[in-house]
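Structure first, commentary second.
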Number of protein chains: 2
Amino acid sequence: MSPRRRFALHGKPLHACAPTFAALGDEMRLRLIAALCMGGAMSITQLTSGTDITRQAITKHLGVLAAQGLVRGVKVGRERLWEFEPAQLDEARRSLESIAQQWDHALAKLKLAVED
Amino acid sequence: MSPRRRFALHGKPLHACAPTFAALGDEMRLRLIAALCMGGAMSITQLTSGTDITRQAITKHLGVLAAQGLVRGVKVGRERLWEFEPAQLDEARRSLESIAQQWDHALAKLKLAVED
DNA sequence: GTAATATGCACCCCAGAGGTTGCATATGAA
DNA sequence: TTCATATGCAACCTCTGGGGTGCATATTAC
């Protein structure tokens with residue numbers, strides 16, 4: 001084991017997750033993920049209906065999500081179906097857990113030092 | 001139970017977590033959280049040393065994190081000590097878990113429908 | 001073949017984020 | 001008191017992100 005333990009013992013360093021969090025840091029994009037998660041694969045037109053922004057804006061949001069591997073679009077016929085891709089989201093979840101664990105560890109160490 | 005189940009059965013709707021994710025969506029801010037998490041409470045000057053940006057920039061980043069309740073600053077003497085605040089981060093973690101669970105549920109339902 | 005649908009592409013616009021500099025203020029040290 | 005340290009505040013700059021419009025292209029429907 002390395003002498004000085006850092007974060008993210010498994011996987012990339014946590015600050016590498018910043019782009020993923022940034023992609024999740026938009027209300028509309030979270031809604032898109034939610035829709036794809038519940039409704040299965042959907043086309044851009046389907047995703048646009050029910051929102052108050054244009055299809056182009058939705059397209060850009062999907063592009064941002066796809067750039068981080070959070071969704072994937074497959075062309076079928078004249079439409080492109082977008083589906084949720086859970087891998088990166090799990091990675092982000094694990095990195096949050098890594099921080100929480102590190103914090104708990106630091107607290108425990110502090111408590112030991114105080115009681116010592 | 002409501003007829004149509006939505007996300008975030010416990011807590012706020014998931015899209016309400018967007019500001020928290022946005023706050024986490026910056027490499028420098030993730031580094032700050034990591035530093036506070038491992039090193040305990042630190043002053044701005046301490047947090048600035050080792051980075052290549054100015055103290056003011058660090059101050060703004062801490063402001064963003066504090067606005068989402070991810071860190072908290074307490075004035076002691078002539079310096080202000082910043083410390084990590086795990087509550088909001090746990091909330092974000094739970095919302096990611098909520099999405100993952102919803103996804104698993106949707107997959108299971110789909111599998112059932114196929115086998116039916 | 002022609003029309004309607006679904007999407008892609010290229011710009012344009014503007015507010016806000018990230019960063020800097022300069023100066024003011026508060027507090028510990030000598 | 002006087003100086004050095006730690007931070008706060010405000011103005012300014014630049015660039016990107018979210019959103020929009022217009023037009024081109026590809027497919028399906030008739």
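Labels below follow one simple rule: chain letters A, B, ... track the order of the sequence lines, proteins then strands, and each chain is numbered from 1.
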For A:Q56, report the nucleic acid contact type (base, sugar-phosphate, nothing); a contact means any heavy atom under 4.0 Å. base
Any donor-acceptor N/O pair under 3.5 Å between D:dG20 base and A:K60 side chain: yes
Out of D:dG20, C:dG18, D:dG18, whichever nucleotide has its closest atom nearest the side chain of A:T54: D:dG20
What closest approach, in Å, do A:L30 and B:L14 show between heavy atoms, and which atom pair accounts for it? CD1-O, 3.4 Å
What heavy-atom pair brings A:L70 and A:Q88 nearest, and what distance separates the two atoms? CD2-CB, 3.9 Å
Nearest 0.5 Å please: distance from the CD1 atom of B:I44 over to the CG atom of B:L81. 10.0 Å
Can you tell me how far P of C:dG8 sits from CD of A:E79, to the nearest Å? 11 Å
Provide, to the nearest angstrom, the distance between the CZ atom belonging to B:R80 and the P atom belonging to C:dT25. 18 Å
Of the options C:dG18, D:dG8, C:dG8, whose atoms approach the side-chain atoms of B:R29 most closely? C:dG18
Whole-Å distance separating the CD1 atom of B:I58 from the P atom of D:dG8: 13 Å
Separation of C:dG18 atom P from B:E27 atom CD, nearest Å, is 13 Å
Drop me the distance from A:F84's CZ to A:I33's CD1, to the nearest 0.5 angstrom. 6.0 Å
For A:I53 and D:dT21, what is the distance between atoms CD1 and C1' respectively, to the nearest whole Å? 15 Å
Between B:I44 (CD1) and D:dA6 (P), how many Å, whole number? 11 Å
If you take atom types as modelled and just measure distance, does the side chain of A:R78 reach the base of C:dG8 with a donor-acceptor pair under 3.5 Å? no
Quick one: on DNA chain D, does A:G25 or A:K75 contact a more 5' nucleotide (nearest heavy atom)? A:G25
Describe the nucleic acid contact of B:A57 in one word from base, sugar-phosphate, nothing, applying a heavy-atom distance below 4.0 Å. base
A:R31 CZ to D:dG18 P: how many Å, rounded? 15 Å
Separation of B:L47 atom CG from D:dA6 atom P, in whole Å? 13 Å
Residue closer to the 5' end of DNA chain D, B:Q46 versus A:M28 (nearest nucleotide): B:Q46
Taking only side-chain N and O atoms of B:H61, does any of them lie within less than 4.0 angstrom of OP1 or OP2 on C:dG19? yes
Salt bridge or not between B:E91 and B:R94? Use side-chain N to carboxylate O under 4.0 Å. yes
Using a distance-only criterion (donor-acceptor N/O pair, under 3.5 Å, no hydrogens), is the base of D:dG8 paired with the side chain of B:R55? yes
